[in-house]
Protein chains: 2
Amino acid sequence: MRLYKLLPDGRRQIVGFALPGDFLGMATSARHSYSADAIGAVAVCRFSKASFARFIEDRPHLLRRINELAVRELSQAQDHMVLLGRRSAEEKVATFLIGWRDRLVKLNGPSTTVALPMSRQDIADFLGLTIETVSRTFTKLERDRVIGILPGSVCLLDPARAEAMAAA
Amino acid sequence: MRLYKLLPDGRRQIVGFALPGDFLGMATSARHSYSADAIGAVAVCRFSKASFARFIEDRPHLLRRINELAVRELSQAQDHMVLLGRRSAEEKVATFLIGWRDRLVKLNGPSTTVALPMSRQDIADFLGLTIETVSRTFTKLERDRVIGILPGSVCLLDPARAEAMAAA
DNA sequence: CGAATCGTTGAAAGCAGTCAACTAGGGTGG
DNA sequence: CCACCCTAGTTGACTGCTTTCAACGATTCG
């Protein structure tokens, strides 16, 4: 799923992509803090806020777990701020590919090809770029023999170089 | 205080500014997720992670409170991602001024002038801009009679217009 | 087969970045 | 007391990366 926020004029910033196992919507306030929609087939467990709060009530260990999730997400959000504010288009794309690969590896085990179920527009809105810049950067990375572009995925031909671009 | 992350080559992204009453360093992992240093005089309460964790242990209400703080910070981080990824220099500066003013108002009560204890470089690194662009944008807002520039602060001459630029 | 969507590519424009000079305070030391 | 220096901030000229505008290619679906 893609998680995003919109500006009044329609500009969109994707704040994250959710994969199986992820926990969404921790905002305790009445309104959620972002929108979400499915990119592919999705199975979700939905809890009403009130009953979930009640369920947690006398399970402090669960609350601690949730808190850890929130803190980890916060840390990721801060990493993404660095990317949005201080990295070039090429660094952004490389960092995205490496980070996305690492998440997929954790789910499905190692693989040289990285599935990209989201559109170029989604990637652009995640990285603070335009669709054209994303496309051009993919092409450039392919010319440089860093990746191979396949429909719906990319192949990491030179992971070391990609990781160097994403460094830190 | 300014809270920031550095890239290996020295580029800096400030992820937030801390004001009196703020709670820092929720990361439960061994390492903190960001660096922090004081801009002005500071009084801090420091807790060792282990003993603070023990203190919270049998105070679920406190843990819930901490969790709310983490979730709120996460939401703010996501708002800032929108700013970094999708807003122009002028929008960034206006949004920063309005947001900073609102935080100061909550602490000190209403005021037409907004104290800016941080340097232009700090503001630039917070907004994903360069110091020159921040300076030019301040000047432009002053020419447009939106703000007045004073040493160490600005005066919001036309808050409505500034808020319009920061919209949403 | 035509229409629509998604992605790629090219050319041109523009916003922000870079490089550099200059100003204004503030502190230091002769 | 004043010359000097150092830092922070501003401004200008120019560059360049990313965006914008537009056309084209590929794939899918009705």
Side-chain angles (χ1 to χ4, degrees), chain A residues 2 7 9-14 37-40 82-97 114-144 146-155 165, chain B residues 2 7 9-14 37-40 82-97 114-144 146-155 165:
Chain A
R2 57 182 173 224
L7 289 174
D9 63 3
R11 283 176 288 178
R12 182 178 68 158
Q13 176 67 45
I14 291 186
D37 44 39
I39 288 173
V82 180
L83 178 142
L84 290 170
R86 286 298 175 224
R87 307 201 81 138
S88 69
E90 193 172 80
E91 291 174 319
K92 284 177 177 182
V93 170
T95 305
F96 165 68
L97 289 177
V114 181
L116 296 178
M118 69 289 283
S119 71
R120 294 288 192 268
Q121 185 65 62
D122 290 337
I123 298 175
D125 287 345
F126 182 58
L127 300 177
L129 298 171
T130 59
I131 183 175
E132 293 94 332
T133 301
V134 171
S135 183
R136 272 187 254 271
T137 307
F138 269 88
T139 305
K140 178 175 187 311
L141 291 177
E142 183 171 51
R143 262 203 317 275
D144 296 349
V146 178
I147 64 171
I149 301 178
L150 305 162
S153 64
V154 296
C155 184
M165 290 175 182
Chain B
R2 57 180 173 228
L7 289 175
D9 63 2
R11 282 176 289 178
R12 183 178 66 158
Q13 176 67 44
I14 291 187
D37 44 39
I39 289 175
V82 180
L83 178 143
L84 290 170
R86 287 296 176 226
R87 306 199 82 136
S88 69
E90 192 172 84
E91 291 175 318
K92 284 177 176 180
V93 170
T95 306
F96 165 68
L97 289 176
V114 182
L116 296 178
M118 69 290 283
S119 72
R120 294 288 192 268
Q121 186 64 63
D122 291 336
I123 298 175
D125 287 345
F126 182 58
L127 300 178
L129 299 170
T130 60
I131 183 175
E132 293 95 332
T133 300
V134 171
S135 184
R136 272 186 254 272
T137 306
F138 269 88
T139 306
K140 177 174 189 309
L141 291 176
E142 183 171 51
R143 263 202 318 275
D144 296 350
V146 178
I147 64 171
I149 300 178
L150 305 162
S153 63
V154 296
C155 184
M165 289 175 182

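The structure displayed is predicted, hence computed values, not measured ones. Letters A, B, ... mirror the listed sequences (proteins, then strands); counts begin at 1.
Put simply, the side chain of A/Q13 gets close to the backbone of A/D125: a donor and an acceptor are under 3.5 Å apart. Under a 3.5 Å cut-off, the side chain of A/R2 and the backbone N or O of A/I123 do not form any donor-acceptor pair. In this structure a side-chain-to-backbone donor-acceptor pair under 3.5 Å is missing from A/E142 to A/I147. Remark: side-chain polar atoms of B/S135 are not paired, donor with acceptor, to backbone N or O of B/I131 under 3.5 angstrom. The closest donor-acceptor contact from the side chain of A/D122 to the backbone of A/S119 lies under 3.5 Å. At distances below 3.5 Å, not a single donor-acceptor pair connects side-chain atoms of B/E90 with backbone N or O atoms of B/T137.
Within the 4.0 angstrom heavy-atom criterion, no nucleotide atom of any strand lies near B/G152.
At a non-hydrogen distance threshold of 4.0 Å, nothing from residues 118-127 of chain B comes into contact with DNA chain C. Listed by residue number, the members of residues 134-142 of chain A with any heavy atom below 4.0 angstrom from DNA chain C are A/S135, A/R136, A/T139.
In this structure, CD1 of B/I131 is placed 12 Å from P of C/dT18, rounded to the nearest angstrom. Separating the CZ atom of B/R86 from the P atom of C/dC15 is a distance of 16 Å, rounded to the nearest angstrom. As a whole-Å value, the separation of B/R11 CZ from C/dA16 C1' is 16 Å. Whole-Å rounding puts the B/E90 CD to C/dG14 C1' distance at 15 Å. A/K92 has its NZ atom 11 Å from the C1' atom of D/dC17, to the nearest Å.
Comparing atom distances between the A/T133 side chain and each of C/dT8, C/dT18, D/dT18 picks out D/dT18 as nearest. Among the nucleotides C/dA16, C/dT8, D/dT18, the one closest to the side chain of B/L129 is C/dA16.
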Item to complete: Starting from the C-alpha separation in whole Å, work towards a yes-or-no answer on salt bridge (Lys or Arg N to Asp or Glu O under 4.0 Å) for B/R11 and A/E91.
Response: CA-CA 13 Å; B/R11 282 176 289 178; A/E91 291 174 319; 2.7 Å; yes

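A cation-pi arrangement is absent between B/R12 and B/F126, since the terminal nitrogen or guanidinium carbon is not both under 6.0 Å from the aromatic centre and inside a 45° cone about the axis.
One donor-acceptor pair, N or O on each side, does fall under 3.5 Å between the base of D/dC21 and the side chain of A/E132.
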